[in-house]
J.: 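Below you will find the structure I want to go over with you.
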2 protein chains.
Amino acid sequence: MTKPPNPQRRSQKSRDAILTAALELCGEEGYGRMTIEGIAARAGVSKKTIYRWWPSKGAVVLEALHEAADTVAPHPDTGDFAADMRTQMATVIRFLSPPSHAPLAGLVADALRDPELAEQMRERLVRPRIEAFGQRMRRAQEQGQLHPDADLDVALDLFYGPLYHRLVLHLGLPEPAYLDTLIEHVIRALDPGHGRT
Amino acid sequence: MTKPPNPQRRSQKSRDAILTAALELCGEEGYGRMTIEGIAARAGVSKKTIYRWWPSKGAVVLEALHEAADTVAPHPDTGDFAADMRTQMATVIRFLSPPSHAPLAGLVADALRDPELAEQMRERLVRPRIEAFGQRMRRAQEQGQLHPDADLDVALDLFYGPLYHRLVLHLGLPEPAYLDTLIEHVIRALDPGHGRT
DNA sequence: CGCCAACGACACGGCACGTGTCGTGGCCTT
DNA sequence: AAGGCCACGACACGTGCCGTGTCGTTGGCG
């Protein structure tokens, strides 16, 4: 149909301006109220240029987040698995809480209606972070801080499920003290030997 | 501002037609593509009549779900807590999976951008079901199937968190076998003594 | 039975979408 | 150094839905 443009000729300046403008506007007026036209205006860019490289508002925000989030929310490894999970999950909670939750929450909302966007989000944002969690978890197992038979999928569900559950049902995200309780429970759940010998 | 209409004079027929049309269209073309104008046309109703009684598409779907879901997803009590949780969660999973997930997923998506709608959803759809879960859980504690000190908030997070986590990150909802594993883990997590004395 | 408000119908302005067109300018080739 | 290609910014356009306003009609309450 429409011939795809040549990426080599792409203007890096326009690209950066668009991604920056998207994140700024997202914070200022909210994901839902932000429009492609608004992003174009803020970035000093033609609407056409946005549509040339991205199929939707969600795709722009996804790429902006992908770029911005590479440095954030790493899995620390101090040798204390529970403490490291506490640190990492607290960071995630910050990204899911006001005032900084707009881009991620908006993207999640759009992805619930756009399967294409959902796949992009899963593969580019979610999957790498699951991988990072998996690596940290395996180290904890090697160091004997977590039962060697603990299941990665179950661990992922039990650690991060409560966060998204509370986000989408608007039940309020965990306070630090409650987060500790949660982590304690999950680590116990992952120990099938449950103390007996 | 605009004087509120008199509920006594409200046409029950129009109301029912609107709610029915909303759920039907939701299933046929998806929540996102469904429009207020489409609902009005299908219901044989003026757009004005919808705007007179509901502030948004989300509010209509919320009320439709509220009405339809009163009978579904009850918490059975056969005396076997784990089995009952399996039954109930499998029902929830059906509501979160294609092809019937459109209304709920769409509502969740809209609520992420509309605080008013989010509050309505929490109070009218979510809160009553949390309450029902709490009652079933307390009976399990009385019958010794669950540790008496088990925390209701933690239990809610660990049981249902994985479902919504997987829904919004598009990781695929649990299969029956995996659901069993999950429930087993959660019940273990909720037992703080877990075997040691 | 009479009133009055909720109703269906329809038209309206507004907004953002996504596309098309055009002239410009920067980079790559030669 | 000259030429061509093509992404760019600008702008205009048709479309679809929004949310509101208006106007008879109708059905239920007092």
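Quick note on labels: first sequence line is chain A, next is B, and so on, each numbered from 1. All values below were derived from every heavy atom in this structure, side-chain atoms included, with hydrogens, water molecules and symmetry-related copies excluded.
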J.: Whole-Å distance between dA7(D) P and Lys47(A) NZ?
T.: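 Lys47(A) atom NZ is separated from dA7(D) atom P by 20 Å.
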
J.: Quick one: label Gly38(B) by what it contacts on the DNA or RNA (base, sugar-phosphate, nothing), any heavy atom closer than 4.0 Å.
T.: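 Counting heavy atoms under 4.0 Å across all strands, no contact is made by Gly38(B).
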
J.: Which whole-number value in Å describes the distance from Trp53(A) CH2 to dA7(D) P?
T.: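 About 6 Å, once rounded to whole Å.
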
J.: Check for a donor-acceptor pair, side chain of Ser100(B) on one end and backbone N or O of Leu96(B) on the other, with a separation under 3.5 Å.
T.: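 A pair under 3.5 Å: no.
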
J.: I want to confirm an ordering. Mapping Pro55(A) and Arg52(B) to their closest nucleotides on DNA chain C, which one lands closer to the 5' end?
T.: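 Closer to the 5' end of DNA chain C: Arg52(B).
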
J.: May I have the step-by-step check of side-chain hydrogen bond (donor to acceptor under 3.5 Å, both in side chains) for Asp84(B) and Gln88(B), ending in yes or no?
T.: CA-CA 6 Å; Asp84(B) 288 349; Gln88(B) 205 276 335; over 6 Å; no

J.: Nearest whole Å is fine: how far is dT26(D) P from Lys13(B) NZ?
T.: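 Atom-to-atom, Lys13(B) to dT26(D), this comes out as 12 Å.
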
J.: Hey, can you tell me if Tyr164(B) and His165(A) have their rings parallel, tilted or perpendicular (30° and 60° cut-offs)?
T.: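 Tyr164(B) and His165(A): tilted rings.
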
J.: Looking at the side chain of Pro5(A), which of dC17(C), dA7(D), dC7(C) is the nearest nucleotide?
T.: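 Nearest to the side-chain atoms of Pro5(A), counting from C-beta on, is dA7(D).
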
J.: dG19(D) P sits how many Å from Lys57(B) NZ, rounded?
T.: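 Value for this atom pair: 10 Å.
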
J.: Under 3.5 Å, is there an N or O donor on one side and an acceptor on the other linking the side chain of Lys48(B) and the base of dG21(D)?
T.: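 Present.
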
J.: Does Ser46(A) get its side chain close enough to the base of dA10(D), under 3.5 Å, for a donor-acceptor pair?
T.: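 Side chain to base: pair present.
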
J.: Taking CD1 from Ile50(A) and P from dC17(C), how many angstroms apart are they, rounded to a whole number?
T.: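 So the two atoms are 9 Å apart, to the nearest Å.
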
J.: Judged by each residue's nearest nucleotide on DNA chain D, which is more toward the 5′ side, Ser11(A) or Glu37(B)?
T.: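 Result of the comparison: Ser11(A).
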
J.: Rounded off to whole Å, could you give me the CZ-to-P distance for the Arg15(B) and dC7(C) pair?
T.: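 In whole Å, dC7(C) P lies 12 Å from Arg15(B) CZ.
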
J.: Side-chain N or O of Thr35(B) less than 4.0 angstrom from OP1 or OP2 on dG16(D)?
T.: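 No, no such contact exists.
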
J.: What is the distance, rounded to the nearest whole Å, between atom CD of Gln12(A) and atom P of dC8(D)?
T.: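 It works out to 11 Å between those atoms.
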
J.: In whole angstrom, give the distance that lies between atom CD of Gln8(B) and atom C1' of dC3(C).
T.: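 Rounded to whole Å, this separation is 15 Å.
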
J.: Residues two or more places apart in sequence or in another chain: which of them pass salt bridge (Lys or Arg N to Asp or Glu O under 4.0 Å) with Arg15(A)?
T.: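 Scan of Arg15(A) (salt bridge (Lys or Arg N to Asp or Glu O under 4.0 Å), adjacent residues dropped) gives Glu63(A), Glu67(A).
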
J.: Please determine whether a side-chain nitrogen or oxygen atom of Arg9(B) lies at a distance below 4.0 Å from atom OP1 or OP2 of dC4(C).
T.: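 For Arg9(B), the contact criterion (side-chain N or O under 4.0 Å from OP1 or OP2 of dC4(C)) is not met.
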
J.: Are the side chain of Gln145(B) and the backbone N or O of Ala82(B) linked by a donor-acceptor pair below 3.5 Å?
T.: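 Such a contact is absent between Gln145(B) side chain and Ala82(B) backbone.
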
